There are 2 protein chains.
Amino acid sequence: MERLKKLKPVDTLSLVDKVELRLLEFFKENNLGPGDPIPKELDFATNLGVSRTVVREALLRLRTLGLIESKKHRGMILKQPDIINNFERIMDPTLLGTKTLKNLFELRMILEMGMADFLFEHKTQKELDELEEIVEAEEATSTGKARFSLDKEVAFHGKLYQISKNDTLQRFQGLLLPVFEYVYLKETKDRDLDEYHYTKGTFVTHRMLLDNLKVGTPETFRNAMRRHLEPHFDHIFKNGKK
Amino acid sequence: MERLKKLKPVDTLSLVDKVELRLLEFFKENNLGPGDPIPKELDFATNLGVSRTVVREALLRLRTLGLIESKKHRGMILKQPDIINNFERIMDPTLLGTKTLKNLFELRMILEMGMADFLFEHKTQKELDELEEIVEAEEATSTGKARFSLDKEVAFHGKLYQISKNDTLQRFQGLLLPVFEYVYLKETKDRDLDEYHYTKGTFVTHRMLLDNLKVGTPETFRNAMRRHLEPHFDHIFKNGKK
DNA sequence: ATTTGTATTATGTCATACATATTATGATAT
DNA sequence: ATATCATAATATGTATGACATAATACAAAT
C-alpha cells in the first residue's frame with residue numbers, strides 16, 4: 001500500500017494543453033518574434049498529428065493572451081503581448097472577491113505613494129497648467145471640505161498618472177479605477193469623510209498637492225500624498241484589525 | 001462625400017466576439033458569481049442560435065482569462081478570476097518590447113517606494129528575524145560594496161513584499177522578477193555599481209533598511225529606500241534624457 | 001459496508017463541408 | 001494607359017454530426 005507513493009501521476013493534460021506548449025516551443029526553436037508570420041492551422045494540424053480543432057483551440061488561447069494576432073482570413077502573426085489588455089476584460093468588481101478587491105485598492109495607494117520621483121522627473125509646465133485647471137474647477141464647486149466628488153478625484157489623480165509618463169502604469173491605474181470607485185463608494189457609505197479628523201487638524205487638498213508638485217521635492221510630495229490619503233489608510237488598517 | 005462621415009462603421013465583430021459579450025451579460029443578468037454552475041455548451045448554442053463551435057470558442061476565451069473553470073466532462077462553473085495568472089504565461093522578457101520592459105522596471109521601483117506604510121503596519125517580529133537572517137547571510141559573503149549578488153537582492157526585497165501581506169502585490173512582484181533580473185543584468189553590464197557615487201557619500205544597505213524598518217517610521221523608510229534605489233533611479237532618468 | 005460494475009452526461013476530439021473576407025491577378029472600360 | 005471592376009485563390013470563420021473519454025451517481029455484488 002505504501003508503495004503507491006512511488007507512482008507519479010500520469011500527465012492528465014488535454015491535447016490542447018500539449019499543443020499549446022508545443023506551439024510555444026516551436027516559436028522559440030524557430031526564433032520567431034513579434035511580427036513574424038506563423039504557419040496556418042492546417043499545417044500545424046497535419047504536422048502535429050491532431051485535428052484542426054485542437055490546433056485552433058490552442059491558437060485561440062494564445063490569441064486570447066495576446067501573443068498572436070489573427071489577420072482575418074489571411075493568416076496569423078506573432079504579436080507583442082499586451083500585458084494590460086488581459087486584465088481589462090475581467091476587471092469587474094462584481095466578479096472579484098472582496099479580498100482581491102482590497103488588495104487592488106491597496107495596490108493603487110502604493111502606486112500613488114511610490115510615483116513621486118517620476119512625477120518630478122517628467123512634469124512639464126503644460127501639464128502643471130492642466131492640473132491647475134482641474135483644481136480650479138474643483139474649487140469652484142467644492143465646499144472646502146475633505147470630500148470631493150468622485151469625478152474630480154478621478155480627474156486629478158488620473159492626471160498625475162499621466163504625468164508619470166509610464167504607459168503601463170497609466171493603463172494599469174485605468175483598470176484599477178473601477179475597483180477604486182467601487183471601494184470608495186462602499187467606504188463613504190460607512191462613514192462621512194467630511195467628519196474625518198486628520199491627525200494634524202488639517203487635511204491635504206488637491207491644491208496643496210499641486211503646489212507641492214510645483215515647488216516641492218519628491219520627498220515632500222510623498223509626505224503630502226500620505227496625508228492626503230490618510231482617510232483611506234486609516235480605513236484599511238482599522239478594518240484589518242477589528 | 002462629406003456625408004460619409006456620418007456613416008458609423010458596422011460592427012465587424014465576429015460571432016465569437018458577440019457570443020463572448022452575450023455570455024458576460026448573461027452572467028450579470030442572472031447574478032451569477034464565483035462557484036455558480038453555468039449551462040452547458042449545447043444549451044447555450046441552441047438558445048443563442050449559433051453552433052456549438054462558436055459557443056465553445058467564446059467559453060474557451062473566458063476560460064483562458066480565468067473567468068470560468070471547466071470541470072472536465074462534468075460542466076463549467078464561474079471562477080474567481082486570477083488576475084495575475086494571465087501574466088505568467090506571457091511574461092517572457094524576450095517577447096516583451098524594450099519600452100514595456102522599461103515600464104515594468106519602473107513599476108517595480110514605484111512599488112518598492114510606495115509600500116512602506118504597509119510594511120510598518122503588518123510587520124511581525126518573526127518576519128523581522130527572518131529578514132535579519134537574510135541580511136546576515138548577505139554580510140557574511142559581501143565585501144561591503146554597493147553591489148550585491150542578484151539572489152541576495154531578490155531574497156531581501158522578496159521578503160519585504162511578503163511582509164506587506166498583500167497577495168496580489170506579492171505575486172505581481174514575482175512576475176516582475178524576471179524583468180528585474182533581465183534589466184538588472186543589462187544595467188550592470190553598462191557600468192560598475194561598485195563605483196557608483198551616492199549623493200551623500202554613503203549608500204543605503206539592506207542592513208540599514210532593516211534597522212530602519214525596526215525602529216523607524218514609514219517616512220524615514222521611504223527616504224532610505226529612495227537612496228537605496230538611487231543607482232536605478234539615476235540610470236533610468238539619465239538614459240531617458242540622453 | 002466496501003467494492004465493483006454500469007449508465008448517464010457534458011466536455012474533449014475528430015472529420016468534413018461550406019461561408020466569408022482578404023489579396024492578387026487578370027479583364028474590361030473609359 | 002489608368003482606373004475600375006470581375007474572378008480566383010487562400011486561410012480563417014462557422015456549422016454540423018459523430019464518437020471518445022472522464023466524472024459522477026447509483027445499482028449490483030461480494
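Just so it is clear, the model here is predicted, and its values are computed rather than measured. Labels below follow one simple rule: chain letters A, B, ... track the order of the sequence lines, proteins then strands, and each chain is numbered from 1.
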Separation of [X] atom [atom1] from [N] atom [atom2], in whole Å?
X	N	atom1	atom2	answer
A/Lys18	C/dG12	NZ	P	14 Å
B/Lys40	D/dA23	NZ	P	19 Å
A/Leu15	C/dT11	CG	P	18 Å
A/Glu20	C/dG12	CD	P	14 Å
A/Met76	C/dT22	CE	C1'	15 Å
A/Asp17	D/dT21	CG	P	17 Å
A/Ile77	C/dT22	CD1	P	15 Å
B/Phe44	C/dT11	CZ	C1'	14 Å

>> By nearest heavy atom, map B/Ile38 and A/Gly49 onto DNA chain C; which one lands nearer the 5' end?
In response: B/Ile38
Nearest-neighbour nucleotide for the [X] side chain, [options] considered:
X	options	result
A/Glu41	C/dC14, C/dT11, D/dG13	D/dG13
A/Val50	D/dT12, C/dT13, C/dC14	C/dC14
B/Arg56	C/dT13, D/dA15, D/dT12	C/dT13
B/Arg52	C/dC14, D/dG13, C/dT11	C/dT11
A/Arg63	C/dT13, D/dT16, D/dG13	D/dG13
A/Thr53	D/dT14, D/dG13, C/dC14	C/dC14

>> Tell me whether the rings of B/Phe44 and B/Phe26 are parallel (<30°), tilted (30 to 60°) or perpendicular (>60°).
In response: perpendicular
> Relative to the ring of B/Phe156, is the ring of B/His206 parallel (under 30°), tilted (30 to 60°) or perpendicular (over 60°)?
Replying inline: parallel
> Can we say A/Lys126 and A/Glu130 salt-bridge, meaning some charged N sits less than 4.0 Å from an Asp/Glu carboxylate O?
Replying inline: yes
> Does A/Ser70 put a side-chain nitrogen or oxygen below 4.0 Å from OP1 or OP2 of D/dG13?
Replying inline: yes
> With ring centroids as reference points, do A/Phe172 and B/Phe172 lie under 6.0 angstrom apart?
Replying inline: yes
> Considering residues at least two apart in sequence or located in another chain, which fulfil the side chain to side chain contact (heavy atoms under 4.5 Å, CB included) criterion with A/Gln170?
Replying inline: A/Tyr161, A/Gln162, A/Asp167
